[in-house]
Each structure stands twice: as structure tokens, then as C-alpha cells.
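The structure under discussion appears below in the form of C-alpha cells.
Numbers for residues simply follow the sequence, beginning at 1.
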Amino acid sequence: MISSITAMDVRVLVFFRDHLRFSWMTPIMQGISAFGFFGWFILTILLLVFRKTRDAGKVAAVSLVIEAIVVNLMMKLIFARIRPFDAFNFLMPIGKLPTDYSFPSGHTANSFAVALSAVHMLPRKEGIPLVILASLVAYSRMYLGVHYPSDVIGGFLVALVISQAVWYFMVKRPVRMESKATESE
């Protein structure tokens, strides 16, 4: 099963290498990828600063912290998946090469932890562009050849579960408990 997933991952990355890389696009993808590392932390801080977006910032911050712990301190060490460029030298990565393990994609998980929190907490016109940006970060990780597609999918799924759980326990559940308390009075 794992070998067939890896084989499919490699085929996708070879397709990226051969058909989807363009010299004009590479600096754009590197910038988007860099945003996936630190930009979401800055965005979360900005959400926390303004009263109108503070609740969204709280959900995003908790999601981001939990996601970072789960991905970087647990999952990457448990799965210990070698980066595609280390496993297959013909994949030719672009730019700075990460030295940690590959699965799941931390950049993708960071991006979607914040973006999916924002979708729940902000108007759609503000949340949807963040999901699009998170998707571009995920794409950039494959474009640069530093993650397998299954790493990116794994990062997305981790962020989805964590952001949903944080939103539920911080926003949805307390509202339900308040309404039950007022019904019983």
C-alpha cells in the first residue's frame, strides 16, 4: 500500500517537474511557500490585534499551536518519511532544502489551520481568499519538489480536523451550552 502511494506521488512530482515548472513562476512559488512558513503566524497576530477579528484570531492561534505540536513534534517523528529529493535524486528540488521529515507538510498544515479557522469566523469574502492562499501554499510545496502530494494531503487533513475541533470547542459548544442554560431557567 505505502509503495503504491509513493509510486503515485513520484509520478505526480515528475509531472510537476516536466510540465508545470516555469522560470517566471518559480520566484512566485518560493514567495508563496515562504508565506506558508511565517506569514500565517503574522496574520494570526493581526487577527488578534483588532477587536472585530479577535475571536477569529483566538481560534486561529489555538489551531495553529495545536497543529504545530501535532505535526512537528509528533507526526513527523512517528512517520519519519524521507523527503522526495532525498529518496529520488531525479526529482530536482528548487530552493532551500528542508532538513526535517516530509510527512505531513507543516507549511500546508499551518496554512489550512489558520485559513479554515478564518472561514468559520470571518465573512466569506475574507475567509475564502485565505483558503485559496492556503491552497497555493500546498501547491508550492509540490512545485518546489520538497513534499510528496500525500504529504500535502496529510497536512490538509490534520489542519481540517484540528481547526474543526478547536472551532467546535471554543465557539460552537459554548454557544450550545449557553442556550441550554437559558432554556432551563
Side-chain angles (χ1 to χ4, degrees), residues 13 16 21 24-86 93-122 125-167 170:
L13 291 179
F16 269 76
R21 284 185 178 170
W24 62 268
M25 189 186 286
T26 297
I28 296 168
M29 288 294 117
Q30 288 174 314
I32 290 170
S33 183
F35 184 86
F37 182 73
F38 65 86
W40 297 102
F41 295 100
I42 294 168
L43 179 62
T44 300
I45 290 167
L46 289 173
L47 289 171
L48 288 166
V49 167
F50 299 103
R51 183 184 312 258
K52 179 182 167 189
T53 59
R54 192 163 293 143
D55 288 339
K58 289 176 186 175
V59 172
V62 171
S63 295
L64 196 55
V65 168
I66 292 171
E67 168 274 316
I69 291 167
V70 168
V71 168
N72 296 311
L73 300 178
M74 295 168 63
M75 293 182 75
K76 282 187 183 264
L77 299 176
I78 290 168
F79 290 101
R81 188 178 196 190
I82 296 170
R83 295 277 177 170
F85 55 83
D86 285 331
I94 299 171
K96 185 180 177 203
L97 303 181
T99 57
D100 62 343
Y101 291 117
S102 190
F103 182 85
S105 168
H107 282 67
T108 302
N110 287 345
S111 301
F112 280 104
V114 176
L116 294 174
S117 297
V119 164
H120 281 301
M121 302 296 296
L122 299 174
K125 67 180 179 170
E126 296 168 13
I128 298 298
L130 294 177
V131 171
I132 293 168
L133 180 57
S135 300
L136 288 171
V137 169
Y139 179 84
S140 76
R141 303 307 285 165
M142 294 180 291
Y143 178 96
L144 297 173
V146 296
H147 275 295
Y148 295 103
S150 57
D151 298 340
V152 168
I153 293 167
F156 167 76
L157 292 174
V158 168
L160 176 65
V161 169
I162 290 171
S163 65
Q164 286 289 111
V166 169
W167 172 77
M170 287 182 71

Distance in Å, [X] [atom1] paired with [Y] [atom2], rounded so as to fall on 0.5 Å steps:
| X | Y | atom1 | atom2 | answer |
| --- | --- | --- | --- | --- |
| Leu116 | Ile162 | CG | CD1 | 11.0 Å |
| Met142 | Leu13 | CE | CG | 8.0 Å |
| Ile32 | Met25 | CD1 | CE | 9.0 Å |
| Met75 | Ile78 | CE | CD1 | 7.5 Å |
| Ser117 | Leu122 | OG | CG | 9.5 Å |
| Phe156 | Ser105 | CZ | OG | 12.5 Å |

With sequence neighbours excluded, give me every salt bridge (Lys or Arg N to Asp or Glu O under 4.0 Å) pair touching residues 64-80.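 The answer is Lys76-Asp100.
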
| task | Among residues two or more places apart or on two chains, list those pairs meeting salt bridge (Lys or Arg N to Asp or Glu O under 4.0 Å) that have a residue in residues 106-115. | result |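 Matches after skipping sequence neighbours: none remain.
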
**Message:** Please list all pairs meeting side-chain hydrogen bond (donor to acceptor under 3.5 Å, both in side chains) that have one or both residues in residues 37-53, counting only residues at least two apart or in different chains.
**Reply:**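 Passing the test, one end in residues 37-53: Trp40-Ser111.
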
Handout entry: Pairwise side-chain hydrogen bond (donor to acceptor under 3.5 Å, both in side chains) hits with a residue in residues 26-37, at least two apart
Key =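 Found Thr26-Tyr143, Ser33-Arg141.
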
Do you know the tightest heavy-atom contact between [X] and [Y]?
| X | Y | value |
| --- | --- | --- |
| Val119 | Val131 | CG2-CG2, 3.2 Å |
| Gly154 | Phe103 | CA-CE1, 3.9 Å |
| Ala118 | Leu130 | CB-CD1, 3.6 Å |
| Val146 | Pro98 | CG1-CD, 3.7 Å |

- Counting only heavy atoms not in Leu160, do more than 12 fall under 6.0 Å of its CG?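 Result for CG/Leu160: enclosed.
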
Just to verify, what does Phe37 make a ring-ring contact (aromatic ring centres under 6.0 Å, His included) with, not counting sequence neighbours?
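Result, ring-ring contact (aromatic ring centres under 6.0 Å, His included) vs Phe37: His107.
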
- Message: Which residues pass the ring-ring contact (aromatic ring centres under 6.0 Å, His included) test with Tyr148, not counting sequence neighbours?
- Response: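 Per chain and number, Tyr148 pairs via ring-ring contact (aromatic ring centres under 6.0 Å, His included) with no residue.
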
Scan for ring-ring contact (aromatic ring centres under 6.0 Å, His included) pairs involving residues 49-68, sequence neighbours excluded, and state none if there are none.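 Those involving residues 49-68 do not exist here.
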
Residues two or more places apart in sequence or in another chain: which of them pass side chain to side chain contact (heavy atoms under 4.5 Å, CB included) with Ile42?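 Applying side chain to side chain contact (heavy atoms under 4.5 Å, CB included) to Ile42 gives Phe38, Leu46.
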
Non-neighbouring partners of Leu77 that pass side chain to side chain contact (heavy atoms under 4.5 Å, CB included), sequence neighbours left out: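 Here the qualifying residues are Tyr101.
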
request  = I would like to know whether Arg83 and Leu97 meet side-chain contact (heavy atoms from CB on, under 4.5 Å); could you show each step before the answer?
outcome  = CA-CA 9 Å; Arg83 295 277 177 170; Leu97 303 181; over 6 Å; no

In chain order, what residues pass the side-chain hydrogen bond (donor to acceptor under 3.5 Å, both in side chains) check against [X], with sequence neighbours excluded?
| X | answer |
| --- | --- |
| Asp151 | Arg81, Ser102, His147 |
| Gln164 | His120 |
| Ser163 | none |

(request) Given side-chain contact (heavy atoms from CB on, under 4.5 Å), test Arg21 with Ile94 step by step and report yes or no. (result) CA-CA 10 Å; Arg21 284 185 178 170; Ile94 299 171; 3.5 Å; yes

### Query
Would Phe112 and Val137 count as a side-chain contact (heavy atoms from CB on, under 4.5 Å) if you check the C-alpha gap in whole Å, the side-chain angles of each, and the deciding distance to 0.1 Å?
CA-CA 9 Å; Phe112 280 104; Val137 169; over 6 Å; no

For Val49, does its backbone N or O pair with a side-chain atom of Arg54 as donor and acceptor, under 3.5 Å?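 The answer is yes, because a donor-acceptor pair under 3.5 Å joins these two groups.
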
Note to self: Quick check on side chain to side chain contact (heavy atoms under 4.5 Å, CB included): which of Asn72, Val152, Val71 does Pro104 satisfy it with?
What the structure shows: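 Of Asn72, Val152, Val71, side chain to side chain contact (heavy atoms under 4.5 Å, CB included) with Pro104 is met by Val71 alone.
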
